[in-house]
2 protein chains.
Amino acid sequence: MVTIYDIARLSGVSKSTVSRVISNHPYVSTETKRKVMKVMQEHNYVPNSLAIQFRQKQTKCIAILIPDLSHPYFSQLVKYISADCYKSGFKTVVHQTFLDKSREREVYTQLQKNEYDALILTSSTLQEEEIAEFTGNNIIVACNEDFRGDYFDVFCLNEEEVTMNVTSYLLSKGYTKLGFCSDNISSPLQQARLKGFILAHEKKEIIHNKNFLFNEISTIEDGIILGNRLFKENLEIDGIIAGSDFVAAGLISSAVRKNIQIPQRLAIIGFDNHPISLVTNPQMSTICNHIQDMSNDLVNHIVNKMNGVKHHPIKKVYNGEFIERNSS
Amino acid sequence: MVTIYDIARLSGVSKSTVSRVISNHPYVSTETKRKVMKVMQEHNYVPNSLAIQFRQKQTKCIAILIPDLSHPYFSQLVKYISADCYKSGFKTVVHQTFLDKSREREVYTQLQKNEYDALILTSSTLQEEEIAEFTGNNIIVACNEDFRGDYFDVFCLNEEEVTMNVTSYLLSKGYTKLGFCSDNISSPLQQARLKGFILAHEKKEIIHNKNFLFNEISTIEDGIILGNRLFKENLEIDGIIAGSDFVAAGLISSAVRKNIQIPQRLAIIGFDNHPISLVTNPQMSTICNHIQDMSNDLVNHIVNKMNGVKHHPIKKVYNGEFIERNSS
DNA sequence: GTGAAAGCGCTAACAG
DNA sequence: CTGTTAGCGCTTTCAC
């Protein structure tokens, strides 16, 4: 491996000068610059990032914590965040926790060990307080998960409100035996949605059926299986707020197969406005998340923070919009 | 920041001893070990990974190059690869190229700069030769893309063969006006599929319609748009091999909306056996890729390579299986 | 078993 | 404009 020292020797200057050439420092004569560059080319020199990172105490690398990439919401989120990080000169390391607490903790440890310049949290199975302990001087920012925002910055959707609005809407249309699907009900996000769901019922003084609260439903297959269990000739449920468009797609396909009219006998509403909502039959009503804006704001915010802009933790909330199609 | 030196001083031993304790070296008395551990705990010491990486010349980090995470095939692939890397103690950095050559080149440069211990290539817009130049002593392995395998190891599906088989099957069932969708026809993978498609026609001495070769069709929306353009009362096309299940789902939904009977008047076959193939109406015939096996073998292979197991480049080919449902 | 010392490749005062 | 020097935090011989 050819080092900066070799280049210095070979071109008859000092290491410092070579270093200056590399980092495009001013105060180096065009003549020596040319000379050094030539030698670097000839010897195919590439600076060793490991040494630079070590020296500068930064990795230009941001970690992102998600439950599972096969969930389209999270793969979209990672897509945008990763692309935005790239624009700002950062690489992204993706960590899937598969909802395992110890895997999550490992990532916080890596952060403490300086393996990343910042950590983006999109979902967590730990308490906000426990995460805060790992923070120290490290940058942790939450995106998607509806944390309180006492310890770190939060960017999220108005989960509670939008779920409440949609639930109210269904109730006022006469769908009164509603179901609710969650993925992992212990998370702040899912809790917020559930709260919205319940609040809407309370406002209308309608009692929701606790048997229609379904947890750990997150994939197309889960939706199909749930539908197959639920949908029969004398239907007890007349509407479902699914946790994602994929779950909703599974439910719709199951209902169609059992000849249950949507939306006449059963309303189904998804979450995320994924393109899959366009190919179900009938097309799906859903809720638009603003992941692209969220990601953009988030990465800008992190970059500012790295440049030393300090402030109390902020919480930015985006409004999810209901997109009505033909399943409600 | 508390360093190994602080711990040494505080516990009255030398740096070397502390280092030995950290890395669980033998030849250190249980007594000193205990003592040092205690001090580390009390002062909340975490080793600086940057220094370790620099010293050891390795990052425990593998880069993976993909076009775009929103494509479910690639997000699945990354899911498995990333999980397998984790099991072997590696982190994964995801790089989306969005089919941009210069972005791809940047990643090779980062590899040369020692930012990764290895690079996994799932899709490329460069020639095999050009990539090979960047290799040097670095580990590059291809997964999914159907490279020749002269310069680096390749793990891929028998794209040509399976496409030929499926095309032959449709032809022999009487579907003779077939279309073919590709994503990015310049890639080796798409070329292989097209070759299979054409070969099947030649064998049966049927001439394929060049107007039914559609390129740059990769999303659900692309499928819908293509369908809307193609499907009308007097249908000229009677079967389509789509490049992915998502495209196929778009096509099916478009056809259904135009009251075109599937599979009577039109056969559609997807690729990947993604769960979306279960919720289309009718359910989709598709081709199973073996990404889970591929990913597993691939990561094992890389780990072996890092441990110095040398051999000529290998090429491992997996057999895609046709899964017939109701769209063909 | 333990310590001293050298060094990984690079940057950044500081001095000239 | 350029060189000298010190040092980042850790591992690894090599003595003792």
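Letters A, B, ... mirror the listed sequences (proteins, then strands); counts begin at 1. All values below come from the heavy atoms of this structure, side chains included, with hydrogens, waters and symmetry mates left out.
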| Where do Y86(A) and H95(B) land on the ring pair (Phe, Tyr, Trp, His ring centres under 6.0 Å) test, with the steps shown first? | CA-CA 9 Å; Y86(A) 170 82; H95(B) 279 283; 7.3 Å; no

| said: Below the 4.0 Å mark, does dG3(C) have OP1 or OP2 next to a side-chain nitrogen or oxygen of T17(B)? | reply: yes

| task | For D6(A) and dG9(C), give me the distance from atom CG to atom P, rounded to whole Å. | result | 9 Å

| Would you call E129(A)-R148(A) a salt bridge at under 4.0 Å N-O? | yes

| Nearest non-hydrogen partners of M306(A) and D117(A), listed with the distance | CE-CB, 3.6 Å

| request: Can you check each nucleotide of nucleotides 7-16 of chain D against protein heavy atoms at under 4.0 Å and return B for base, S for sugar-phosphate only, - for none, in 5' to 3' order? | output: BBBBBBB---

| request: Answer yes or no: is there an ion pair linking D146(A) with K315(A), defined by an N-O contact shorter than 4.0 Å? | output: yes

| request: Kindly indicate whether a cation-pi arrangement holds for K60(A) with F90(A), taking the cut-offs as under 6.0 Å to the six-membered ring centre and within 45° of the axis. | output: yes

| query | Which whole-number value in Å describes the distance from H25(B) NE2 to dG3(C) P? | reply | 14 Å

| said: OP1 or OP2 of dG1(C) versus the side-chain N and O atoms of T32(B): is any pair under 4.0 Å? | reply: no

| Expressed in angstrom and rounded to an integer, what is the separation of Q53(A) atom CD from dT11(C) atom P? | 12 Å

| said: Do F155(A) and V317(A) make a side-chain contact, defined as non-hydrogen atoms from C-beta onward lying under 4.5 Å apart? | reply: no

